[in-house]
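Letters A, B, ... are given to chains in the order of the sequence lines, protein chains preceding strands, and every chain is numbered from 1.
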Amino acid sequence: MFKKVKSSVSFVKLEEKILEFWKAEKIFEESLNLNKGKEKFIFYEGPPTANGAPGVHHVLSRIFKDIFPRFKTMKGYYVARKAGWDTHGLPVEIEVEKKLGINSKKEIEEIGIEKFNKLCRESVMKYEDEWKRMTERIGFWIDLDNAYFTFKNEYIETIWWILKSIWDMGLLYEGYKIVPYCPRCGTALSSHEVAQGYKDVDDHTVIVRFPLKNQKNRFLLVWTTTPWTLISNVACAINKNATYAWVKYDNELLLLDENLIEDVFDFTSDFKVLERIKGSSILEERYEPVYDFAEGDKNAFKIIHGDYVSAQEGTGIVHIAPAFGEEDMIVGKENNLPVVQMVDESGFFKSNVEKFSGMAINDANPEIIKDLKERKLLFKTQKVTHSYPFCWRCDSRLIYYAKKSWYIRTSEIKEKLLKSNDDVNWYPEHIKYGRYGKWLDNNIDWALTRERYWGTPLPIWQDDAGHKICIGSIEELKKLGDNVPDDIDLHKPYVDNIKIKCNICGSEMKRTPEVIDVWFDSGSMPYAQYHYPFENKELFESNFPADFICEAIDQTRGWFYTLMTISTILFEKSCYKNVLCLGLINDESGQKMSKSKGNIIKPWDVLDNQGADALRWYLFTSVSPWLPKNFSLKGVDEVIRKFLLTFWNTYSFFVIYANIDNFNPSEYKLDVKERCELDRWIISELNITIKRVNELLDEFNVTDSGRMIQEFIDNLSNWYVRRSRRRFWKSEEDSDKVSAYLTLYECLLNISKLSAPYIPFTSEEIYLNLSSVLDDKKKSVHLESYPAAQSDLIDYELSYKMDTARKIVGLGRAIRSKTALKIRQPLKNVVIFTDGNKKEEKAIRHFKNIIMEELNVKEISFVDSLDKLVSYNIKPNLKLLGAKYGAFLPKIREALLKENPLQVAIKVKNNKILAIVIDSIQYEISPEEILVESADREGISVESDGALTVGLNTLLDEKLIEEGFIRELIHHIQNIRKDAGFEIENTIETQIECSKEVQDMIKNNMEFIKKETLSNILSFNPKDDMYASSIRISNENIKISVKVVR
RNA sequence: GGGCGUAUAGCUCAGAUGGUUAGAGCGCGUCCCUGAUAAGGACGAGGCCUCUGGUUCGAGUCCAGAUACGCCCA
């Protein structure tokens, strides 16, 4: 029979046992083999970095990456799941720097790149074990043994092939752009790093007077927060659509945005607006440079237009230094402005900046302000507080700095990218043309290179004459390069040692020193994971594009973008069709989890105490995946209590009774149509659930489908099983009992399959036990087919009827609660008013037995008018009538109270005017002047929900009281049995000591009591060897003794 | 500063296409029920559905604006 089930269960232990089972029986491998050769569902794993410990947010993405492959596998698809690891980049380098106790490029180069990169390689998989352990423990099925690693030669070779393709298309170029740069560390930072370091600081902003060329006493008022950048000034930007004003002040004419006059001249009233002009009218005007390092460039020092210039702050005239600002660089390019770079890579002014030569730029600000003041060019300085980025490692101010680096001309393929995006389904949808679409719309070229060490080297060699060649494979490198070792490691410094002879001029070409952005590594995974096109051509082609990818929402600008960009360049389409975005995880109070706040929840704390299924279910169902989650351990506990345990206990109930009855479901067959209505109802509910869950999962909707399963479990446990309990208890085996067993069995078995992708452990345990009696059982629930709904078993009308019956029961129980009449006390009847709703009435009649049983009443009846349930009191609205009739009010009141309350109430209800006659004079009383209160009729108590009203007859006669008393007595005997520790199936002897009256009542109900309490003997002679307990029912003292008999 | 999202009970969340009295779970209080259950049921307290305008016979829902928070980007 079934394996014995304890109702107390440790999910953590259970899961560990299942993990061993999966491993021993190679269930994952088998689930793959099962569908080999069948239609594929293609999943791409976005590679995590394993040089840090995994957090809860990693669990989140990994379980969402798990559930769909599991679901699709059960639907018969072949779902390959190749793991991958992101292994390059600054995070790895920083980890090693920390270990070495250094933090600058200079120190790295002193140690030697060879040694440094060796340490990087070693540190990359530092937390691999913990990642593997976590991955397995949460039940994420992925092929870790054949994972791709971005640092492997084969992987890099594919990237080289991609880069060469891009090079051949003419989309790879070297440019001069602005990067966030830490002068102390000598390196550009990634945007992610910059975002970490914003701080609010007080800065001096300055307004400087720029003299217009050949126009005496006319000045531009130019605003900047970084005076040191004035050294590199080459232009001033205005907005051509804005209106500017010439303001007379101190015998000079100053130009600024008309909307900012008040702000700028707030220190004086001694100014006068002379003229207003359109911005466009002064475009191209020349001015005298404040600092001239443009070396006579013809285009420098004029007024240009900048879209972004606004009247928000400053003067509406912005100084342009293309070397130190991205927007400056862009407008600089548009206007052919020179880039004047007067700052070296360590953040010091170069030697030819006479007055400030060798000065650190941040120290130079006061000096420059002083200089401007002396030269009478300073108009005003002001303090402002704004947020500014600092280096998160060394806390020095970052600068935006023009550097040479390599770019992919993605702006040129923007239209293609937009088209690729059109074909992608985003979850949630708004990302598609919102955050992501807008990002594509504003596409700028991809800054590809980093001047770092541990990364994929850019495969471009060049000579002094600027001739360049891009290498696309190891073979090509060996062919063209000098002395390339057979086992060349494609990383720095080895690859840097290779020289190539230029085929144009014959001189020596050296590799450009940069490595590439790690995001290019991960964006290349569709190809590089299979070493395409050098190997596995067919394998790649049959696994492209992906049906499904899933990562956190911050990847819109990361992996989601780089994947799509590379595939669009190579194949003119997106390499993924469906993408699910996940929200961030905060702590319980909505705070970001961070080390400094100490509010980090470690996955193991949850996994070791509450278990993986509880965590999975919590993350799946608590809130839509893309919304931020406030993680709460209490929430996980609630999952255990409300869902897992309810499921488990229903299952345990079934197994306990099936074992007692030796019931083997595989030996019976009973068509659902021949089962009783309650059974057909729950089977219908089951199929509705199966249908909806399938539909929702096809739309990648985990949350709603999970909630549906939970609701079904609740219905199964708290209505179906509760209603059916007696059917399982009864000793004879008839078709009703068989029907009950089969129905509950089918529900549980189906739910174990339906829930398998969500809670792979618990579902496995339940499935294995329940299916053990079947001929066509599978070795694991995960090798089963996913349940498909049988639409002929769905009966929506029955659902409606049951809902209605349950509504009545709810109202009836409310009345009992209100009137303090226990359910055990039988009542005469329940009376229902449906206000003419025939459908509702039909439903109630249909389930009247259930209603009567649940409410413990003898009869059920309907009334066609509410008056039969409720009586009315009417009262004059004294506030209104008083104002109207004043002293005559008492007479009105007297007359009103003589009226028939019911008829008045009906009039008021129908909004009709009531006419009353006092002393032959007719008075008209409007409905709002009368207050109607409904009250319970004598002996009847009501509750209503909308138009539906339920009344319970609360009058008790002697017979009902006796019956209630007996039920109460039985209840107590049952409790005493339980206290005495008897088994459920034990038969007992019961002895009762009580008054004569109670004895009479017991004698009247002897057989019933004996049957209910499984008492063979029931009499009034207590003995010493029995378990005894004294109770009190309705002021009667009763002593009950019990013992087991054979 | 820009883009996107979110805002409903103390907490976590539901509330197609506008339509009676805005719901559930947790927590709290008071009862009730219980021979699968660590459970279940009833009642109660607790809601300017963030705010301000607008559209409409009617707005939590649609529109505009504001505010706060989050994410992304400057």
Side-chain angles (χ1 to χ4, degrees), chain A residues 5-9 180 191-192 194-195 198 308 310 312-313 325-327 386-387 389 400 428 430-439 441-442 444 552-558 581 583-584 586 588-592 618 621-624 626-632 634-635 637-657 703-704 707 710-711 714 717-719 721-722 725-726 728-729 809-825 854 856 943-947 971 973-975 977-978 982-986 1012-1014:
Chain A
V5 179
K6 276 190 234 139
S7 66
S8 66
V9 57
S191 55
H192 171 78
V194 176
Y198 275 94
Y308 62 92
S310 74
Q312 294 284 346
E313 52 185 356
E326 194 169 354
E327 281 163 334
H386 62 154
S387 77
Y400 287 88
H430 62 76
I431 305 271
K432 180 169 180 171
Y433 296 117
R435 181 184 287 201
Y436 188 70
K438 296 255 156 98
W439 157 254
D441 268 338
N442 297 313
I444 53 165
I553 200 161
D554 55 1
Q555 297 299 329
T556 40
R557 267 109 161 150
C581 302
L584 296 178
N586 300 321
E588 206 166 354
S589 55
Q591 300 275 309
K592 216 178 198 170
Y618 172 71
T621 59
S622 71
V623 52
S624 287
W626 45 84
L627 296 176
K629 284 180 219 320
N630 295 350
F631 191 92
S632 133
K634 276 192 208 144
D637 272 334
E638 194 183 321
V639 162
I640 295 176
R641 285 208 324 277
K642 302 291 293 185
F643 176 64
L644 288 179
L645 276 174
T646 309
F647 187 14
W648 184 265
N649 288 325
T650 310
Y651 153 72
S652 128
F653 172 87
F654 172 82
V655 170
I656 287 171
Y657 284 96
T703 311
D704 289 333
R707 286 173 179 172
Q710 180 155 344
E711 205 179 305
D714 189 67
S717 168
N718 289 323
W719 190 252
V721 171
R722 200 166 66 79
R725 248 180 254 165
R726 284 179 173 265
F728 296 95
W729 294 345
V809 171
L811 291 169
R813 282 204 279 240
I815 299 167
R816 279 189 172 270
S817 176
K818 193 167 68 179
T819 53
L821 283 163
K822 295 182 178 188
I823 300 277
R824 274 195 293 272
Q825 175 59 59
E854 285 290 326
N856 196 15
E943 275 291 324
S944 50
D945 176 7
H971 164 65
I973 298 176
Q974 304 287 36
N975 278 343
R977 276 185 63 123
K978 202 173 168 186
F982 300 167
E983 293 298 319
I984 293 167
E985 60 270 25
N986 286 155
E1012 284 294 306
T1013 58
L1014 289 184

- Sorted by chain and number, sequence neighbours left out, ring-ring contact (aromatic ring centres under 6.0 Å, His included) with F982(A) holds for none
- Message: Does S717(A) reach a base, just sugar-phosphate, or nothing at all? Heavy atoms under 4.0 Å.
- Response: base
- Task: Using a 4.0 Å heavy-atom cut-off across all strands, classify Y651(A) as base, sugar-phosphate, or nothing.
- Result: nothing
- Counting Watson-Crick and G-U wobble pairs only, both distances under 3.5 Å, name the nucleotide matched with U37(B), or none. none
- Query: To the nearest angstrom, how far is L811(A) atom CG from G41(B) atom P?
  - Reply: 15 Å
- Task: Can you sort out the partners of I815(A) under side chain to side chain contact (heavy atoms under 4.5 Å, CB included), two or more places apart, ordered by chain and number?
- Result: T819(A), S941(A), E943(A), V950(A), L952(A)
- By side chain to side chain contact (heavy atoms under 4.5 Å, CB included), I823(A) pairs with (sequence neighbours left out) R813(A), R816(A), N856(A)
Nucleotide N/O to protein N/O under 3.5 Å, stretch nucleotides 22-25 of chain B:
residue	atom	partner	partner atom	Å
G25(B)	O3'	K642(A)	NZ	3.3
G25(B)	O2'	E638(A)	OE2	2.6

- Using atom CZ of F631(A) as one end and atom P of C13(B) as the other, report the distance to the nearest whole Å. 13 Å
- Partner nucleotide of G65(B) by Watson-Crick or wobble geometry (both distances under 3.5 Å): C51(B)
- Message: Between T703(A) and G810(A), which residue's closest nucleotide on RNA chain B lies nearer the 5′ terminus?
- Response: T703(A)
Pairs under 3.5 Å (N/O, protein and nucleotides 8-11 of chain B):
none

- Query: What does R707(A) touch in the nucleic acid at a heavy-atom separation under 4.0 angstrom: a base, only the sugar-phosphate, or nothing?
  - Reply: sugar-phosphate
- Item | Distance between P atoms of G60(B) and G18(B) (Å, rounded) | 14 Å
- Query: Rounded to whole angstrom units, what separation is found between the CZ atom of R816(A) and the P atom of C43(B)?
  - Reply: 15 Å
- Y400(A) meets the ring-ring contact (aromatic ring centres under 6.0 Å, His included) criterion, sequence neighbours left out, with none
- Between CZ of R722(A) and P of C32(B) the distance, given in whole Å, is 17 Å
- Counterpart residues, side chain to side chain contact (heavy atoms under 4.5 Å, CB included), relative to L1014(A) (two or more places apart): R977(A), T987(A)
- Item | Nearest-Å distance for atom pair CD/P, residues Q710(A) and C13(B) | 15 Å
- Message: Nearest heavy atom decides the nucleotide; on that basis, is T556(A) or I973(A) closer to the 5' end of RNA chain B?
- Response: I973(A)
- Task: Please state how far atom CG in D714(A) lies from atom C1' in C26(B), giving the value in whole angstrom units.
- Result: 14 Å
- Query: Quick one: ring-ring contact (aromatic ring centres under 6.0 Å, His included) partners of F647(A), sequence neighbours excluded?
  - Reply: none
- Item | C11(B) to G54(B) separation - P atoms, rounded to the nearest Å | 31 Å
- Query: Base, sugar-phosphate, or nothing for T650(A), non-hydrogen atoms under 4.0 angstrom?
  - Reply: base
- Task: Indicate the ring-plane relationship of F653(A) and F728(A), choosing parallel, tilted or perpendicular according to the 30° and 60° boundaries.
- Result: perpendicular
Which protein N or O atoms sit under 3.5 Å from an N or O of nucleotides 3-5 of chain B?
residue	atom	partner	partner atom	Å
G3(B)	O3'	K438(A)	NZ	3.4
C4(B)	OP1	K438(A)	NZ	2.8

- Message: What's the closest nucleotide to the side chain of R641(A) if the choices are A36(B), G40(B), G27(B)?
- Response: G27(B)
- Contact class for V5(A) (heavy atom, under 4.0 Å): base, sugar-phosphate, or nothing? nothing
- Message: What is the separation between atom NZ on K634(A) and atom P on C13(B), rounded to the nearest whole Å?
- Response: 14 Å
- Task: State which residues pass side chain to side chain contact (heavy atoms under 4.5 Å, CB included) with N718(A); sequence neighbours excluded, sorted by chain then number.
- Result: D714(A)
- Item | With sequence neighbours excluded, residues passing salt bridge (charged side-chain N to carboxylate O under 4.0 Å, His left out) with R722(A) | E854(A)
- Considering residues at least two apart in sequence or located in another chain, which fulfil the salt bridge (charged side-chain N to carboxylate O under 4.0 Å, His left out) criterion with E711(A)? none
- Length of the line joining D441(A):CG and C72(B):C1', which is rounded to integer Å: 15 Å
- Message: What's V655(A) touching, base or sugar-phosphate or nothing? Going by heavy atoms closer than 4.0 Å.
- Response: nothing
- Item | P-based separation of G65(B) from G3(B) [nearest Å] | 10 Å
